[in-house]
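Here is the structure we will look at, set down as structure tokens.
Numbers restart at 1 for each chain; the letters A, B, ... are given by sequence-line order, proteins then strands.
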Protein chains: 2
Amino acid sequence: MPFTYEYPRPAVAVDAVVFGFDENGLSVLLIERALAPFAGKWALPGGFVRMDEDLDAAVRRELQEETGLEKVFLEQLGAYGTPGRDPRERVVTVAWVGLVKLLDHRVRAATDARRAAWFATDELPALAFDHDTIVADALAHLQQTVRRKPVGFELLPPKFTLTQLQKLYEAVLERPLDKRNFRKKVLALDLLEGLEEVEQDVAHRAAQLYRFDMARYRTLAKQGFAFEI
Amino acid sequence: MPFTYEYPRPAVAVDAVVFGFDENGLSVLLIERALAPFAGKWALPGGFVRMDEDLDAAVRRELQEETGLEKVFLEQLGAYGTPGRDPRERVVTVAWVGLVKLLDHRVRAATDARRAAWFATDELPALAFDHDTIVADALAHLQQTVRRKPVGFELLPPKFTLTQLQKLYEAVLERPLDKRNFRKKVLALDLLEGLEEVEQDVAHRAAQLYRFDMARYRTLAKQGFAFEI
DNA sequence: CCAAAAGTGTTTCACTTACACCCATGA
DNA sequence: TCATGGGTGTAAGTGAAACACTTTTGG
């Protein structure tokens, strides 16, 4: 069932740079390519856009199919279309940055039909296509985003400690932060709701758990918000 | 000479939101559509990407062909690909934000074969396709960019006064700025080079002219830079 | 001499930064 | 009782914001 056009057309694809976070730091979700080109290499999850689906629907579908992830927080990163970036033919891809609560998703991603795995951002293998560039751009984008929106919380479980939150910011910004100043500033945002619970099963004083106030979160996310830390 | 593919493909286009600035404020360059759909409506300059050209090359070519503009400062805004955004068929467009020194280009743009004209950003007509949305996103992008990079200077003539620069920032940010604080901050950047000349033919005290130091400009543009004003 | 815009400093306040010790808990 | 991370306050410095008058020039 061929499709014919008067002028040649690039193929249009989507790719996702999905970040997760846990005690080992920041990770990116990759899949191992089964087919040429770059067979055996790791690459970003993604695929071709269908004619009747929006770009964000396409990337959500591909994430679901290839890695099992659903309900991912996604922002568009930009289009990559240099001729030759795919050796087979001209492909223009629209790249997205995704954030997930890693612990929720670790197992499902690894047990899918295609091999999918999380890689620490400081130990990434060489990737297929121009995906190295896209991941580097996505990291830079995340560093910017984290200062403007409280998206950090997209990466944490529903209940978390202030130390976890600080480690997350340190991992994204790649620099150490002062504990007292960090707590002062983040609590001053009036975004966190302190719970009556503490973490369990730790060999030291148990930390208080927090969750974030969704209403306040949406207000801040909409207004722009500047979290210089 | 038809082109046939196994699966259907969207068309891939580029569109440019080019901003200019003069004594009347901030303007956007539009072209009047000759053909359906939206014949007679104003739209962003743009067109389809050729198979052998990069995305930024495509937008530069279209700008040259449709408006006469060349050597425009361009940044990618993002991809727009919702099905139905073009009533004829599926088109994914990659939008760009451009900045030009308006006075250099005013005449050429208006004398081209197709009708092209500058519109003040606060008096835009209803645009074809989803171009209203793209322009709104481009304005938001410019407001962000202007705080992070000294791109404001892309919009001014080579020699300019501090008042012109302040008016530009006021137009982009849509709020008044304090004259003394503005001058203090912008001069503290060590980016401007004061000239021995003053403006001519004004009915009041003539203002000193400045130009910007390209080497310093590139340093700041690369480093990120934060110009909160 | 009048109109119009250019040019110029200081004070106040808020926020950022640097910094060190005691506390609670489980092993 | 020891090891581990949790939790807390203050002082100094820096940067932002508010604010009004004199100067220069051409008409």
Side-chain angles (χ1 to χ4, degrees), chain A residues 22-25 146-148 150 156-157 159-171 173-211 220 223-229, chain B residues 22-25 146-148 150 156-157 159-171 173-211 220 223-229:
Chain A
D22 65 9
E23 64 278 2
N24 299 314
V146 99
R147 290 161 200 242
R148 278 201 304 279
L156 289 175
K159 299 175 185 180
F160 51 86
T161 69
L162 291 182
T163 300
Q164 281 180 291
L165 183 60
Q166 182 176 343
K167 295 278 180 235
L168 166 58
Y169 273 83
E170 289 177 337
L173 299 178
E174 295 175 338
R175 63 187 165 92
L177 300 172
D178 180 88
K179 181 162 63 163
R180 275 174 292 191
N181 292 337
F182 180 83
R183 284 164 183 246
K184 241 182 303 176
K185 215 180 289 191
V186 79
L187 290 175
L189 284 175
D190 196 26
L191 179 63
L192 297 187
E193 192 178 344
L195 303 176
E196 299 304 309
E197 305 168 66
V198 294
E199 58 180 346
Q200 300 296 319
D201 301 319
V202 287
H204 53 78
R205 177 174 174 178
Q208 191 186 352
L209 290 171
Y210 291 82
R211 67 176 171 216
L220 288 176
Q223 283 179 1
F225 165 92
F227 190 53
E228 280 307 327
I229 203 154
Chain B
D22 65 8
E23 63 277 4
N24 298 315
V146 99
R147 291 161 199 239
R148 277 200 304 278
L156 289 174
K159 299 174 184 180
F160 52 87
T161 69
L162 291 183
T163 300
Q164 281 180 289
L165 183 60
Q166 182 177 341
K167 295 277 180 238
L168 166 58
Y169 273 83
E170 289 178 336
L173 299 178
E174 295 176 336
R175 62 186 165 93
L177 300 173
D178 180 86
K179 182 162 63 161
R180 277 174 290 191
N181 292 337
F182 180 82
R183 285 164 183 246
K184 241 180 304 177
K185 217 179 289 193
V186 79
L187 290 174
L189 284 176
D190 195 25
L191 179 63
L192 297 187
E193 191 178 344
L195 303 175
E196 298 304 310
E197 305 167 66
V198 293
E199 58 179 346
Q200 301 296 318
D201 301 318
V202 287
H204 52 78
R205 175 171 175 180
Q208 190 186 355
L209 291 171
Y210 292 81
R211 67 176 171 216
L220 288 177
Q223 283 179 2
F225 164 95
F227 191 50
E228 279 306 326
I229 206 155

Item to check | Contact check, side chains of B:Y210 and B:T161, non-hydrogen atoms, under 4.5 Å | outcome: no
Item to check | Chi angles and distances behind the side-chain contact (heavy atoms from CB on, under 4.5 Å) call for B:F182, B:D178 | outcome: CA-CA 6 Å; B:F182 180 82; B:D178 180 86; over 6 Å; no
Checklist entry - Between A:E174 (side chain) and A:A171 (backbone), is there a donor-acceptor pair under 3.5 Å? => result no
Checklist outcome for this item: What residues 175-184 of chain B contributes to the DNA chain C interface at heavy-atom separation below 4.0 Å is B:K179, B:R180, B:R183, B:K184
Item to check | Salt bridge present between B:E170 and B:R175 (N-O < 4.0 angstrom) | outcome: no
Next on the checklist: For B:L191, is there any backbone N or O sitting under 3.5 Å from a side-chain donor or acceptor partner on B:E193?
Outcome noted: no
Next on the checklist: Distance check needed: C:dT16 P versus A:L189 CG, whole Å only.
Outcome noted: 10 Å
Checklist entry - So, B:E199 side chain and B:A206 main chain: donor-acceptor pair closer than 3.5 Å or not? => result no
Checklist entry - Do B:Q208 side-chain atoms and B:E196 backbone N/O form a donor-acceptor pair below 3.5 Å? => result no
Item to check | Members of residues 191-206 of chain A that approach DNA chain C, where some heavy atom sits under 4.0 Å away | outcome: A:V202, A:A203, A:H204, A:R205
Checklist entry - Any donor and acceptor pair, going by atom type alone, linking the side chain of B:Q166 with main-chain N or O of B:L177 inside 3.5 Å? => result yes
Checklist entry - What are the two closest heavy atoms between A:K184 and A:N181, and how far apart are they? => result NZ-OD1, 3.2 Å
Item to check | Full working for side-chain contact (heavy atoms from CB on, under 4.5 Å) between A:L162 and A:L192 | outcome: CA-CA 10 Å; A:L162 291 182; A:L192 297 187; 3.5 Å; yes
Next on the checklist: In whole Å, I'd like the distance from the CZ atom of A:R147 to the P atom of C:dT16.
Outcome noted: 13 Å
Checklist entry - Between C:dA6 and B:T163, is there an OP1 or OP2 to side-chain N/O distance shorter than 4.0 Å? => result yes
Checklist entry - Between which nucleotides of DNA chain D, 5' to 3', does chain A make heavy-atom contacts below 4.0 Å? => result D:dT4 to D:dT10
